[in-house]
Amino acid sequence: MDRMDANTVEIHEDGEIIEVIDLSDTEQNPDDLADELDDVDFGEEDGEEADNEEGWETEDEMEEERDDSELTFSRHTGSVFCVSLDPLTNSLAVTGGEDDVAYVWKVNDGEVLIQCKGHRDSVTCASFSHDSSLVATGDMGGMIKVWKVESKEEIWSFEVGDLEWLQWHPGAPVLLAGAADGNVWMWKVPAGDCKTLQGPGCQATSGKVLPDGKRVVVGYENGTVRLWDLKNASALHVLKGQDGHRGALTCLACNQDGSLVLTGSVDGRAKLINTTTGKVLGAFSADGGGGAKAPKDEAGEEAESNSVESVGFCNVLPLAAVAYLDGTLAIYDLSSQTLRHKCQHQAGIVHLQWEESSSVVWTCSLDGAVRVWDARSGVMVSELLGHRAEVLHFTINREGSLSITASGDHQAKVFCLQRPDR
């Protein structure tokens, strides 16, 4: 026969059937193949296997590499300490850093408009004037410079002692600065006309010009708070002793009409002050209490205080937020002066900021994240990741849809937050 039938079995010469193979049995499914591969030795040494295993990313490593930002500004060569948005258009940012330089740049594409050079120390303060026409930069050593945005030129400079804070007047080209010697300086820019508010001989650690533009509240290293009249350079109210703090002030904020001020200190307390009467209306601590005594440890000694790092008022509800070094964001009801919510972070909080027209508050912390919280419920709305080191400062735009961050990883980032209610 020229052809063998398909069902014919081939017989060897000794007449024995060697094997009958059903071809359909040779088709393996993926599970069978995987099982067989498990038993195959590919000739790799143990060390090679370990190296290959290192190449695979764990879930934690993948989370660490997540970057939610829309743009990264990488011109700084050291930690970025401060950031500010221009108030007129929210389209320009200024950042200052450890590299003794500040940059004014476009938020949409990172293009540098001004490289603010000439500082001899880390630039820790940088902000726009009320009409966005001027930018002030200040370094730790006390060198202050003002730049005109339109011409991109330096138009004024002054040097004080070690600089603690720098702030523009809310309605005029007037610049205020607090120094380590306790004095607060006030200049008309660029004319240079100057006034000084004489301090108590210790650092003027924080300051805030009130919305009326006529008064400034200043906190000092010795725990005192002074409310100054800018026109007369005179103190309207001085809070000290039991009314003041037990340690240096770290932060200040005022409500929308300037009738209330909230102060924060290394003593772990935040105090609510009436700016008209100069009276303390209440005190807050992370445990929800408002007592004046410092907490005790098990041995009866005064425990190390949980420093207040940032404070702020909500514009639309009678709420205030206080951020603590232990990672607690406390939301207080001002009407009843009670603790409403505790929003816990995994690391210390550096800064907080309320949105202008909602009950949403943003925070940044030492774990490199920016978080967004609904103060009505205490629930986290969003978490923005991307930095590889602590976030040292941030700011948000009017709509609460964009945030610019400054970090110890030498970068500033632009985050866009899209929410259903926006």
Side-chain angles (χ1 to χ4, degrees), residues 81-82 120-125 127 136 138-144 158-169 174-187 194-210 215-230 232-254 261-273 275 278-280 283-285 292-294 302-311 322-325 350-351 392-393:
F81 291 129
C82 56
R120 299 189 293 271
D121 207 338
S122 298
V123 178
T124 53
C125 303
S127 61
D139 65 40
M140 291 180 67
M143 175 63 73
I144 300 168
F158 196 89
E159 193 162 3
V160 298
D162 292 348
L163 184 66
E164 296 290 326
W165 55 271
L166 187 66
Q167 189 187 353
W168 284 101
H169 187 279
V174 172
L175 189 62
L176 290 90
D181 61 7
N183 291 330
V184 173
W185 298 75
M186 181 171 61
W187 305 274
C194 177
K195 286 183 182 179
T196 56
L197 311 177
Q198 297 290 331
C202 62
Q203 293 177 13
T205 53
S206 52
K208 177 70 177 177
V209 183
L210 299 187
R215 298 170 295 166
V216 61
V217 59
V218 182
Y220 297 90
E221 186 185 24
N222 64 0
T224 61
V225 180
R226 296 188 179 206
L227 188 67
W228 292 90
D229 180 287
L230 291 178
N232 301 320
S234 59
L236 299 172
H237 302 290
V238 179
L239 289 84
K240 57 184 179 181
Q242 198 168 16
D243 287 338
H245 285 276
R246 297 169 60 93
L249 271 82
T250 53
C251 50
L252 291 166
C254 67
V261 163
L262 197 58
T263 62
S265 166
V266 295
D267 66 4
R269 296 283 188 267
K271 294 202 172 187
L272 184 66
I273 300 167
T275 59
K279 299 296 184 184
V280 176
F284 308 103
S285 61
K293 293 183 179 179
E302 286 192 0
E304 185 176 343
S305 295
N306 179 20
S307 176
V308 175
E309 296 299 305
S310 189
V311 293
V322 180
Y324 296 89
L325 187 59
V350 180
H351 182 62
L392 300 171
H393 195 221

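Listed by chain and residue number, Ser79, Phe81, Glu390 satisfy the side-chain contact (heavy atoms from CB on, under 4.5 Å) test with Leu392 (two or more places apart in sequence, or in another chain). Evaluation of the ring pair (Phe, Tyr, Trp, His ring centres under 6.0 Å) rule for His237 yields no partner, not counting sequence neighbours. For Ser265, the side-chain hydrogen bond (donor to acceptor under 3.5 Å, both in side chains) test picks out Asp267, with sequence neighbours left out. Thr224 is linked by a side-chain contact (heavy atoms from CB on, under 4.5 Å) to Pro200, Tyr220, Asn222, Lys240, counting only residues two or more places apart in sequence or in another chain. Residues satisfying the side-chain contact (heavy atoms from CB on, under 4.5 Å) criterion with Leu210, sequence neighbours excluded, are Asp212, Arg215, Val217, Leu227, Cys254, Val261, Thr275. The side-chain contact (heavy atoms from CB on, under 4.5 Å) check on Gln203 picks up Glu164, Ala180, Thr205, Glu221, with sequence neighbours excluded.
In terms of heavy atoms, Val311 sits closest to Ala253 at O-CB, 3.6 Å. When all heavy atoms of Trp228 and Ala233 are compared, the pair lying nearest together is CZ3-O, 3.7 Å. Nearest approach of Gly268 to Tyr324, heavy atoms of both residues: O-CE2, 3.7 Å.
Judged by distance alone, with hydrogens and angles left aside, the side-chain atoms of Thr250 form a donor-acceptor pair with the main-chain N or O of Gly264 at under 3.5 Å. When atom types are taken as modelled, the side chain of Trp165 and the backbone of Ala204 share a donor-acceptor pair closer than 3.5 angstrom.
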Checking Asn183 against Gln198 for the side chain to side chain contact (heavy atoms under 4.5 Å, CB included) test, could you report, in this order, the C-alpha distance in whole Å, the side-chain angles of both residues, the deciding distance, and whether it holds?
CA-CA 5 Å; Asn183 291 330; Gln198 297 290 331; 3.1 Å; yes
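The number of heavy-atom neighbours closer than 6.0 Å to CE of Met186, taken from other residues, nucleotides and ligands shown, is above 12.
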